[in-house]
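Everything numeric here is computed off the predicted structure, so don't read it as measured data. All chains are named by letter (A, B, ...) in the order of the sequence lines, taking the proteins before the strands, and each is independently numbered beginning at 1.
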Amino acid sequence: MKYIDEYRDKAIVMALAKEIRKHSTRHVKLMEVCGGHTMSIQKFGIPYLLPDTVELISGPGCPVCVTSRSFIDKAVAYSRLKDVIITTYGDLIRVPGSSSSLDREKARGADIRTVYSIMDALMIAKKNRSKKVVFLGIGFETTAPSSAAGIIKAQMAGIRNFYLFSAHKVMPPAMETLIDEGVKIDGYIGPGHVSTITGDGIYQDIPKKFGLGVVISGFEPVDLMQAILMLVKQIESNTPKVEIQYTRVVKPEGNIRAQQMLDEVFEYGDDWWRGLGVLKNSGLKIREKYAMHDAEKIIGVEVEPTREPKGCICGEILRGVKKPKDCKLFAKACTPADPVGACMVSNEGSCAAHYLYNR
Amino acid sequence: MANEAKKAGVLIVTGDTKVVDRGKCDKLYINTSGIGLLNPKHRNISLGSGIRPGDKIIINGSIGDHGMAVMAARNELNIAADIRSDCACLNGLIADALDVSGKIRFMRDATRGGLGTVLSELVKGSSFGIRIDETELVVSESVRGMCELLGFDPIYVANEGKAVMVVGSEDAEKVLSVMYKHELGSQAAIIGEVTDEHKGKAWLQTVVGGKRIIEMLSGQQLPRIC
């Protein structure tokens, strides 16, 4: 398959592995902050190809995992309203809330539909004018522009019964907080598709303020191995900077049109991250101008008090200070079929990836 | 039904119909049960009790076709993919294989949970390991494309016409060549072997030379968000 097989070429991967071995002398911890990277690294068995000096750890890059339990609780509350249809990406359906999940509510008769794009949710709203159609917006700069496009389209087409419930977040505050809090890392494998939208400008503070390098990487084995090599070289020569490995997709300036749409619909606000707590200006809130499509402003519901599960260490795993295997619940009380924490639900979650590929 | 029965070489010996109230069903559903005889000398095949290190793992063709055909047909994705389910009767192919080899030590249909689930179930708690070579797996271009798009792993996608066999290494080529002659085995392949390392684990040598464990699929695969 074109544009895939070239990046899974064993000879190239092996050559890169050899180069990494050649350059790496210090023990380094590199963190990936994108769930897609977590999955790829495990799926292709990348850790097995690296020398003992290079350790990979997963950060808060899985959108479902960092989303708060109270978000799920509120979505559950919306779904119990008679005139509401919930539309969502499949990942979110099975995430446990404090006492229920969307999956369970669906079994009890709530109208909850999995969609693959916010545009499908808009179509549902158009066909069901007497209902309020709520789309659960999660994800980083990657999925947020499509949510923005959905809102703009709803406004233009007069689809007044369409609402976004936004838990959209932006990545840089989390990356800086991790270093600030003293999580020991030596460099970041930068998120490929977030950067496609934002460009490389958003990471410039990281080498400047913290002396850590960021290499924006693609998702195939050759991409990841090359990004790791670039980081190792930066660390060995003590020249931290922002570099783009994923040049076939990521431009330094990013996708200007998508950035404009984000800015049109959203403004920054403080937001809660699993494992990190409230981070200043890390959330995307719907601007007043589009308040008529903001589920939280228009649809009132009573939400149960949030209860966190006992024993789950999702938060520490997301900060990279613990690994899934350190959790008492891992693969025992918590499995993909019956998850306790969000990291086990999403296929980008660290626990799910370890459960499937590295147990 | 007559056509499929003829192809499979089975007789339809009895049948019954039920009619229910209008609005309760309004469609035609056909349900079948099959009865066969188990040759005592093949009794161990369902258990895999004769498996030993060095045995080869054989599958009769491409993986993931059925599961992805169902996903594409549901049409929620607006993917126009040319994927057909591999649904087929395997008794002819299996009989051919059993005819040429007395060293078929295990056999299982790789349905729900796919090839990966069959292998990890087989190896669990056993005194051997299984190594699969990812480069030997046959996955059609359209199935691969759709899996890439959705973030699915084809080794966990359902099949409806695939048998996984463990065959003594001295007979592996013989079984393979009789499969090649059958229309349902033209893409058959030796995809790995039984090992005495990594006991109790099935593991995959990835296309790029990495290694990973093949675990049982728990729950279902979900499309990725971004």
Side-chain angles (χ1 to χ4, degrees), chain A residues 1 4-5 7-14 17 34-36 39 41-50 62-64 89-94 113-117 120 138-140 142-143 146 193-194 220-222 225 331 335-339 344-348 352 355-359, chain B residues 71-72 74-79 81 112-114 116-117 119-120 123-124 131-135 137 139-156 198 200-226:
Chain A
M1 197 177 299
I4 292 212
D5 292 331
Y7 296 95
R8 292 183 189 173
D9 186 312
K10 190 173 174 180
I12 300 175
V13 169
M14 288 300 173
C34 170
M39 208 57 186
I41 286 167
Q42 296 301 335
K43 185 173 167 189
F44 292 103
I46 301 287
Y48 175 80
L49 300 168
L50 298 173
C62 152
V64 171
Y89 296 130
D91 282 42
L92 222 44
I93 293 260
R94 292 176 49 245
R113 306 184 194 181
T114 306
V115 293
Y116 296 93
S117 150
D120 297 340
I138 65 160
F140 306 110
T142 331
T143 52
S146 67
H193 291 146
V194 163
E220 296 299 327
V222 167
M225 292 297 280
T335 63
D338 191 13
M344 189 57 99
V345 179
S346 171
N347 64 1
E348 298 183 347
Y355 185 91
L356 198 54
Y357 292 134
N358 186 21
R359 196 132 62 83
Chain B
M71 281 227 82
R74 278 190 189 145
N75 216 11
E76 290 164 359
L77 298 158
N78 288 317
I79 293 176
R112 211 191 153 119
T117 301
L119 296 173
S120 61
V123 85
K124 194 151 263 177
R131 181 187 58 79
I132 296 296
D133 186 347
E134 193 173 20
T135 53
L137 298 177
V139 185
S140 81
E141 281 292 287
S142 6
V143 168
R144 240 189 106 190
M146 205 166 153
C147 282
E148 288 296 336
L149 193 67
L150 297 173
F152 281 20
D153 189 337
I155 73 165
Y156 295 111
H198 298 288
K201 299 262 183 212
W203 51 282
L204 185 86
Q205 188 90 43
T206 69
V207 283
V208 296
K211 262 188 188 183
R212 68 165 154 96
I213 300 293
I214 301 171
E215 251 309 324
M216 216 175 293
L217 182 64
S218 168
Q220 55 178 336
Q221 296 200 91
L222 292 168
R224 65 156 155 243
I225 293 179
C226 59

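The shortest heavy-atom contact between B:E215 and A:Y355 is CG-O, 3.3 Å. Residues A:F44 and B:T206 share a closest heavy-atom pair of O-OG1, 2.8 Å.
With a 4.5 Å cut-off on side-chain heavy atoms, B:R144 and A:I4 count as touching.
For B:R212 (side chain) and A:K43 (main-chain N/O), a donor-acceptor pair under 3.5 Å exists by modelled atom type.
Neither the backbone nor the side chain of A:M225 comes within less than 4.5 Å of any heavy atom of chain B.
Rounding to the nearest 0.5 angstrom, the gap separating the CD atom in B:E134 from the NZ atom in A:K10 is 11.0 Å.
Partners of A:D9 by side chain to side chain donor-acceptor pair (under 3.5 Å), not counting sequence neighbours: none found.
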